[in-house]
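Read the numbers this way: they start at 1 and go in the same order the structure lists the ligands and their atoms.
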Amino acid sequence: METKTLADGVLAADRRALARAITLIESGRADHRTQADALVAEVSKAGKQALRIGLSGTPGVGKSTFIEAFGMMLTAAGLRVAVLAVDPSSARSGGSILGDKTRMERLSRDPNAFIRPSPSQTHLGGVARRTREAVSLCEAAGFDVVLIETVGVGQSETVVAQMSDLFVLLLAPAGGDELQGVKRGIMEMADLILINKADGDLKPAATRTCADYTGALRLLRKRPQDPEDFPKAMMVSALHEDGLATVWDEMQTLANWRRETGHWDAARAGQAVYWFEEAVRNGLLAQLTENAELAGSMATLREKVATGHTTVGTAVRDILSKLNL
Ligand SMILES: Nc1nc2c(ncn2[C@@H]2O[C@H](COP(=O)(O)OP(=O)(O)OP(=O)(O)O)[C@@H](O)[C@H]2O)c(=O)[nH]1
Ligand SMILES: [Mg+2]
(Lines give C-alpha, C1' and ligand atoms only; values in the text may rest on other atoms or scores of the structure.)
(Ligands and ions follow the chains in the order given, each with its own letter.)
Protein backbone atom coordinates (compact mmCIF):
# COMPACT_ATOMS: atom_id res chain seq x y z
CA MET A 1 0.00 0.00 0.00
CA GLU A 2 1.17 3.50 -0.70
CA THR A 3 2.49 5.44 2.27
CA LYS A 4 0.03 8.29 1.75
CA THR A 5 -2.97 5.94 1.69
CA LEU A 6 -1.74 4.22 4.83
CA ALA A 7 -1.18 7.59 6.53
CA ASP A 8 -4.69 8.69 5.61
CA GLY A 9 -6.08 5.46 7.03
CA VAL A 10 -4.21 5.95 10.31
CA LEU A 11 -5.34 9.58 10.56
CA ALA A 12 -8.92 8.46 9.92
CA ALA A 13 -8.58 6.09 12.90
CA ASP A 14 -8.96 3.01 10.72
CA ARG A 15 -7.85 0.15 12.98
CA ARG A 16 -6.69 -2.08 10.14
CA ALA A 17 -4.59 0.73 8.70
CA LEU A 18 -3.10 1.31 12.15
CA ALA A 19 -2.27 -2.37 12.56
CA ARG A 20 -0.66 -2.46 9.10
CA ALA A 21 1.25 0.74 9.81
CA ILE A 22 2.67 -0.75 13.00
CA THR A 23 3.63 -3.91 11.12
CA LEU A 24 5.48 -1.69 8.65
CA ILE A 25 7.48 0.12 11.33
CA GLU A 26 8.34 -3.23 12.93
CA SER A 27 9.78 -4.58 9.70
CA GLY A 28 13.53 -4.99 9.44
CA ARG A 29 13.65 -4.55 5.66
CA ALA A 30 15.52 -1.48 4.43
CA ASP A 31 12.82 -0.44 1.91
CA HIS A 32 10.18 -0.82 4.62
CA ARG A 33 12.28 1.36 6.91
CA THR A 34 12.36 4.16 4.33
CA GLN A 35 8.59 3.86 3.94
CA ALA A 36 8.11 3.75 7.72
CA ASP A 37 10.14 6.94 8.19
CA ALA A 38 8.00 8.66 5.57
CA LEU A 39 4.83 7.37 7.20
CA VAL A 40 5.77 8.59 10.68
CA ALA A 41 6.77 11.98 9.25
CA GLU A 42 3.48 12.22 7.34
CA VAL A 43 1.15 11.39 10.26
CA SER A 44 3.13 13.54 12.69
CA LYS A 45 2.19 16.63 10.70
CA ALA A 46 -1.29 16.39 12.20
CA GLY A 47 0.27 17.22 15.57
CA LYS A 48 -2.19 15.10 17.55
CA GLN A 49 -1.18 14.24 21.10
CA ALA A 50 -2.36 11.59 23.51
CA LEU A 51 -1.65 11.32 27.18
CA ARG A 52 1.19 8.81 27.23
CA ILE A 53 1.30 6.80 30.42
CA GLY A 54 4.27 4.53 31.09
CA LEU A 55 3.62 1.67 33.48
CA SER A 56 6.24 -0.55 35.02
CA GLY A 57 6.22 -3.30 37.59
CA THR A 58 7.72 -6.68 38.37
CA PRO A 59 6.09 -9.89 37.08
CA GLY A 60 2.87 -10.69 38.89
CA VAL A 61 2.40 -7.26 40.46
CA GLY A 62 -0.85 -6.86 38.52
CA LYS A 63 0.02 -4.79 35.44
CA SER A 64 -2.37 -6.65 33.14
CA THR A 65 -5.17 -6.62 35.69
CA PHE A 66 -4.60 -2.90 36.24
CA ILE A 67 -4.48 -2.04 32.53
CA GLU A 68 -7.65 -4.01 31.84
CA ALA A 69 -9.59 -2.37 34.70
CA PHE A 70 -8.14 1.11 34.15
CA GLY A 71 -8.57 0.88 30.38
CA MET A 72 -12.20 -0.23 30.72
CA MET A 73 -12.86 2.66 33.07
CA LEU A 74 -11.45 5.12 30.53
CA THR A 75 -13.33 3.68 27.55
CA ALA A 76 -16.53 3.75 29.62
CA ALA A 77 -15.85 7.46 30.06
CA GLY A 78 -15.75 7.80 26.28
CA LEU A 79 -11.98 7.84 25.84
CA ARG A 80 -10.04 5.83 23.29
CA VAL A 81 -7.19 3.81 24.76
CA ALA A 82 -4.19 2.15 23.13
CA VAL A 83 -1.97 -0.33 24.96
CA LEU A 84 1.59 -1.00 23.84
CA ALA A 85 4.43 -2.86 25.50
CA VAL A 86 8.19 -2.79 25.74
CA ASP A 87 9.43 -6.25 26.53
CA PRO A 88 13.21 -6.47 26.49
CA SER A 89 13.57 -10.17 27.19
CA SER A 90 13.63 -12.55 24.26
CA ALA A 91 12.75 -15.45 26.56
CA ARG A 92 9.26 -14.05 27.00
CA SER A 93 8.90 -14.25 23.26
CA GLY A 94 6.20 -12.25 21.61
CA GLY A 95 5.95 -9.87 24.52
CA SER A 96 4.07 -10.16 27.75
CA ILE A 97 0.79 -8.70 26.58
CA LEU A 98 0.44 -11.11 23.70
CA GLY A 99 -0.54 -13.93 26.03
CA ASP A 100 -2.28 -11.27 28.08
CA LYS A 101 -4.62 -10.39 25.27
CA THR A 102 -6.62 -13.29 26.56
CA ARG A 103 -6.20 -12.02 30.11
CA MET A 104 -7.19 -8.52 29.02
CA GLU A 105 -10.20 -10.13 27.50
CA ARG A 106 -12.73 -7.38 27.99
CA LEU A 107 -10.39 -4.61 26.91
CA SER A 108 -9.22 -6.46 23.79
CA ARG A 109 -12.84 -6.75 22.63
CA ASP A 110 -13.60 -3.10 23.36
CA PRO A 111 -13.98 -1.15 20.10
CA ASN A 112 -12.46 1.90 21.82
CA ALA A 113 -9.32 0.03 22.81
CA PHE A 114 -6.36 -1.11 20.75
CA ILE A 115 -3.85 -3.59 22.15
CA ARG A 116 -0.56 -4.34 20.48
CA PRO A 117 2.11 -6.64 21.94
CA SER A 118 5.77 -5.71 22.09
CA PRO A 119 7.65 -6.19 18.82
CA SER A 120 9.63 -9.39 19.15
CA GLN A 121 13.24 -8.33 19.09
CA THR A 122 16.03 -9.24 21.38
CA HIS A 123 17.71 -5.86 21.12
CA LEU A 124 16.16 -3.31 23.48
CA GLY A 125 17.19 -0.42 21.23
CA GLY A 126 15.18 -1.90 18.37
CA VAL A 127 12.15 -2.49 20.57
CA ALA A 128 12.41 1.08 21.85
CA ARG A 129 12.43 2.66 18.40
CA ARG A 130 9.52 0.56 17.18
CA THR A 131 7.44 1.21 20.28
CA ARG A 132 8.13 4.93 20.14
CA GLU A 133 6.98 5.02 16.52
CA ALA A 134 3.92 2.93 17.38
CA VAL A 135 3.08 5.53 20.05
CA SER A 136 3.22 8.26 17.38
CA LEU A 137 0.94 6.24 15.11
CA CYS A 138 -1.58 5.71 17.92
CA GLU A 139 -1.55 9.43 18.64
CA ALA A 140 -2.16 10.16 14.97
CA ALA A 141 -5.04 7.68 15.03
CA GLY A 142 -6.63 9.87 17.67
CA PHE A 143 -6.25 7.78 20.80
CA ASP A 144 -6.69 9.87 23.94
CA VAL A 145 -4.54 7.70 26.15
CA VAL A 146 -1.60 5.48 25.23
CA LEU A 147 -0.52 3.06 27.95
CA ILE A 148 2.99 1.69 27.54
CA GLU A 149 3.68 -1.32 29.72
CA THR A 150 7.00 -2.78 30.68
CA VAL A 151 8.06 -5.44 33.07
CA GLY A 152 10.83 -3.89 35.14
CA VAL A 153 13.94 -5.44 33.68
CA GLY A 154 17.23 -3.58 33.31
CA GLN A 155 16.96 -0.51 31.15
CA SER A 156 13.37 -0.95 30.03
CA GLU A 157 11.96 1.47 32.63
CA THR A 158 14.18 4.24 31.29
CA VAL A 159 13.12 3.43 27.75
CA VAL A 160 9.43 3.64 28.69
CA ALA A 161 9.85 6.73 30.89
CA GLN A 162 11.57 8.48 27.97
CA MET A 163 8.48 8.02 25.78
CA SER A 164 5.86 8.81 28.43
CA ASP A 165 4.29 11.98 29.78
CA LEU A 166 3.57 10.24 33.08
CA PHE A 167 5.47 7.34 34.54
CA VAL A 168 3.74 4.99 36.95
CA LEU A 169 5.39 2.37 39.08
CA LEU A 170 3.20 -0.50 40.23
CA LEU A 171 4.28 -2.22 43.45
CA ALA A 172 2.94 -5.07 45.55
CA PRO A 173 2.44 -4.77 49.30
CA ALA A 174 5.73 -5.64 51.00
CA GLY A 175 5.93 -8.30 53.67
CA GLY A 176 8.64 -6.71 55.76
CA ASP A 177 9.41 -3.09 56.45
CA GLU A 178 11.92 -2.76 53.66
CA LEU A 179 11.53 -0.80 50.48
CA GLN A 180 11.42 -3.86 48.19
CA GLY A 181 14.78 -3.08 46.62
CA VAL A 182 13.30 -0.61 44.16
CA LYS A 183 16.31 1.13 42.70
CA ARG A 184 16.62 4.77 43.54
CA GLY A 185 16.92 5.66 39.86
CA ILE A 186 13.58 4.02 39.11
CA MET A 187 11.90 5.79 42.02
CA GLU A 188 13.26 9.11 40.76
CA MET A 189 11.50 8.55 37.44
CA ALA A 190 8.10 7.80 38.98
CA ASP A 191 5.27 10.34 38.98
CA LEU A 192 2.91 7.98 40.76
CA ILE A 193 3.72 4.91 42.80
CA LEU A 194 0.72 2.62 43.03
CA ILE A 195 0.64 -0.03 45.73
CA ASN A 196 -1.59 -2.62 44.10
CA LYS A 197 -3.47 -5.48 45.77
CA ALA A 198 -4.63 -3.22 48.60
CA ASP A 199 -7.48 -5.58 49.36
CA GLY A 200 -8.39 -8.42 51.73
CA ASP A 201 -5.54 -9.79 53.82
CA LEU A 202 -3.04 -7.64 51.98
CA LYS A 203 -4.65 -4.35 52.94
CA PRO A 204 -2.64 -3.73 56.14
CA ALA A 205 0.65 -4.51 54.37
CA ALA A 206 -0.39 -2.23 51.50
CA THR A 207 -1.10 0.60 53.93
CA ARG A 208 2.36 0.21 55.49
CA THR A 209 4.06 -0.01 52.11
CA CYS A 210 2.24 3.08 50.92
CA ALA A 211 3.35 5.02 54.00
CA ASP A 212 6.93 3.83 53.48
CA TYR A 213 6.98 5.06 49.90
CA THR A 214 5.28 8.31 50.77
CA GLY A 215 8.15 8.90 53.17
CA ALA A 216 10.78 7.79 50.69
CA LEU A 217 9.40 10.06 47.97
CA ARG A 218 9.61 13.03 50.31
CA LEU A 219 13.31 12.43 50.71
CA LEU A 220 13.96 12.67 46.99
CA ARG A 221 15.20 15.88 45.48
CA LYS A 222 12.34 18.11 44.33
CA ARG A 223 11.88 17.97 40.55
CA PRO A 224 10.98 21.12 38.60
CA GLN A 225 8.28 19.26 36.64
CA ASP A 226 6.22 18.52 39.77
CA PRO A 227 3.55 20.60 41.48
CA GLU A 228 3.02 20.46 45.25
CA ASP A 229 2.43 16.89 46.53
CA PHE A 230 3.93 15.07 43.54
CA PRO A 231 5.24 12.46 43.02
CA LYS A 232 2.91 10.54 45.30
CA ALA A 233 2.23 7.00 46.47
CA MET A 234 -1.33 5.65 46.44
CA MET A 235 -3.11 2.39 47.15
CA VAL A 236 -5.24 0.60 44.55
CA SER A 237 -6.84 -2.73 43.98
CA ALA A 238 -6.85 -3.52 40.28
CA LEU A 239 -8.77 -6.71 41.01
CA HIS A 240 -11.58 -4.94 42.88
CA GLU A 241 -11.28 -1.85 40.67
CA ASP A 242 -10.69 0.22 43.76
CA GLY A 243 -8.99 3.61 43.68
CA LEU A 244 -8.73 3.73 39.91
CA ALA A 245 -10.86 6.84 39.49
CA THR A 246 -8.68 8.65 42.03
CA VAL A 247 -5.59 7.59 40.10
CA TRP A 248 -7.08 9.03 36.92
CA ASP A 249 -7.91 12.28 38.75
CA GLU A 250 -4.33 12.59 39.98
CA MET A 251 -2.97 11.86 36.52
CA GLN A 252 -5.10 14.61 35.02
CA THR A 253 -4.16 17.06 37.75
CA LEU A 254 -0.49 16.41 37.08
CA ALA A 255 -0.82 16.42 33.30
CA ASN A 256 -2.83 19.66 33.30
CA TRP A 257 -0.35 21.37 35.61
CA ARG A 258 2.51 20.34 33.35
CA ARG A 259 0.67 21.55 30.27
CA GLU A 260 -0.07 24.92 31.83
CA THR A 261 3.44 25.45 33.12
CA GLY A 262 5.22 24.42 29.92
CA HIS A 263 6.79 21.33 31.48
CA TRP A 264 4.79 19.07 29.17
CA ASP A 265 6.25 20.58 26.00
CA ALA A 266 9.69 20.86 27.55
CA ALA A 267 9.63 17.18 28.48
CA ARG A 268 8.52 16.12 25.02
CA ALA A 269 11.23 18.28 23.46
CA GLY A 270 13.81 16.72 25.76
CA GLN A 271 12.59 13.26 24.84
CA ALA A 272 12.84 14.02 21.12
CA VAL A 273 16.47 15.07 21.61
CA TYR A 274 17.14 11.98 23.75
CA TRP A 275 15.85 9.65 21.00
CA PHE A 276 17.68 11.58 18.31
CA GLU A 277 20.97 11.17 20.15
CA GLU A 278 20.20 7.51 20.88
CA ALA A 279 19.59 6.90 17.18
CA VAL A 280 22.79 8.69 16.17
CA ARG A 281 24.75 6.62 18.69
CA ASN A 282 23.16 3.40 17.43
CA GLY A 283 23.74 4.45 13.82
CA LEU A 284 27.42 5.04 14.47
CA LEU A 285 27.77 1.74 16.30
CA ALA A 286 26.01 -0.03 13.44
CA GLN A 287 28.52 1.46 10.99
CA LEU A 288 31.38 0.10 13.07
CA THR A 289 30.00 -3.42 12.85
CA GLU A 290 28.30 -3.45 9.46
CA ASN A 291 30.89 -1.67 7.34
CA ALA A 292 33.52 -4.33 6.63
CA GLU A 293 36.45 -1.92 6.51
CA LEU A 294 35.48 -0.20 9.76
CA ALA A 295 34.76 -3.51 11.43
CA GLY A 296 38.25 -4.66 10.40
CA SER A 297 39.83 -1.53 11.86
CA MET A 298 37.88 -2.03 15.06
CA ALA A 299 39.14 -5.60 15.35
CA THR A 300 42.72 -4.48 14.83
CA LEU A 301 42.42 -1.64 17.32
CA ARG A 302 40.75 -3.88 19.90
CA GLU A 303 43.71 -6.23 19.66
CA LYS A 304 46.20 -3.34 19.97
CA VAL A 305 44.39 -1.93 22.99
CA ALA A 306 44.24 -5.37 24.61
CA THR A 307 47.95 -6.01 24.15
CA GLY A 308 48.94 -2.53 25.18
CA HIS A 309 50.34 -1.65 21.74
CA THR A 310 48.21 1.46 21.68
CA THR A 311 46.38 3.55 24.21
CA VAL A 312 42.60 3.86 24.34
CA GLY A 313 42.85 7.54 23.43
CA THR A 314 44.94 6.94 20.33
CA ALA A 315 42.73 4.06 19.21
CA VAL A 316 39.59 6.17 19.60
CA ARG A 317 41.08 9.01 17.56
CA ASP A 318 42.14 6.54 14.90
CA ILE A 319 38.69 4.98 14.46
CA LEU A 320 36.80 8.27 14.66
CA SER A 321 39.02 9.76 11.95
CA LYS A 322 37.96 6.92 9.66
CA LEU A 323 34.31 7.95 10.06
CA ASN A 324 35.01 11.20 8.18
CA LEU A 325 33.33 13.26 10.86
N1 LIG B 1 -5.64 -9.56 45.49
C2 LIG B 1 -5.32 -8.97 44.34
N3 LIG B 1 -4.76 -9.70 43.37
C4 LIG B 1 -4.43 -9.09 42.20
C5 LIG B 1 -4.66 -7.70 42.01
N6 LIG B 1 -4.22 -7.37 40.77
C7 LIG B 1 -3.75 -8.50 40.23
N8 LIG B 1 -3.88 -9.54 41.09
C9 LIG B 1 -3.51 -10.94 40.84
O10 LIG B 1 -2.12 -11.05 40.68
C11 LIG B 1 -1.80 -12.03 39.69
C12 LIG B 1 -0.93 -11.41 38.60
O13 LIG B 1 -1.66 -10.39 37.96
P14 LIG B 1 -1.28 -9.88 36.51
O15 LIG B 1 -2.19 -8.77 36.19
O16 LIG B 1 -1.23 -11.01 35.55
O17 LIG B 1 0.21 -9.36 36.76
P18 LIG B 1 1.28 -8.80 35.71
O19 LIG B 1 2.02 -7.73 36.41
O20 LIG B 1 0.62 -8.46 34.43
O21 LIG B 1 2.22 -10.05 35.52
P22 LIG B 1 3.22 -10.37 34.29
O23 LIG B 1 2.46 -10.16 33.02
O24 LIG B 1 3.62 -11.78 34.51
O25 LIG B 1 4.40 -9.42 34.42
C26 LIG B 1 -3.13 -12.54 39.16
O27 LIG B 1 -3.45 -13.73 39.81
C28 LIG B 1 -4.10 -11.44 39.53
O29 LIG B 1 -5.42 -11.91 39.72
C30 LIG B 1 -5.29 -6.96 43.07
O31 LIG B 1 -5.54 -5.75 42.99
N32 LIG B 1 -5.58 -7.66 44.22
MG1 LIG C 1 0.94 -9.08 32.47
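- Nearest heavy-atom pair, Arg130 versus Gly28, reported as atom, atom and distance to 0.1 Å: NH2-CA, 4.0 Å.
- The salt bridge (charged side-chain N to carboxylate O under 4.0 Å, His left out) test applied to Arg258 returns Asp191, Asp226, not counting sequence neighbours.
- For ligand 1, the polar-atom distance check against Val236 finds no nitrogen or oxygen pair separated by under 3.5 Å.
- Under 4.0 angstrom from ligand 1, the non-hydrogen atoms of Asn196 all belong to its side chain.
- Checking only distances, Glu149 never comes within under 3.5 Å of ligand 1, N or O to N or O.
- Of the possible donor and acceptor atoms, one in the side chain of His263 sits under 3.5 Å from a partner among the backbone N and O of Pro224.
- For ligand 1, the polar-atom distance check finds an N/O of Leu239 within less than 3.5 Å of one of the ligand's N/O atoms.
- Put simply, the side chain of Ser56 never gets that close to the backbone of Glu157: no donor and acceptor are under 3.5 Å apart.
- Pairs passing the side chain to side chain donor-acceptor pair (under 3.5 Å) check and including a residue from residues 160-170, sequence neighbours excluded, read Asp165-Arg268.
- Every N/O-N/O distance between Ala198 and ligand 1 stays at or above 3.5 Å.
- Listed by atom number, the atoms of ligand 1 under 4.0 Å from Asp199 heavy atoms are 1 (N), 2 (C), 30 (C), 31 (O), 32 (N).
- Between the side chain of Asp144 and the main chain of Arg80, a donor-acceptor pair closer than 3.5 Å is present.
- Remark: among candidates Ala69, Ser237, Gly60, the nearest residue to atom 24 (O) of ligand 1 is Gly60, based on non-hydrogen atoms.
- Among the backbone and side-chain atoms of Ser64, an N/O/S atom is found under 2.8 Å from the Mg ion (ligand 2).
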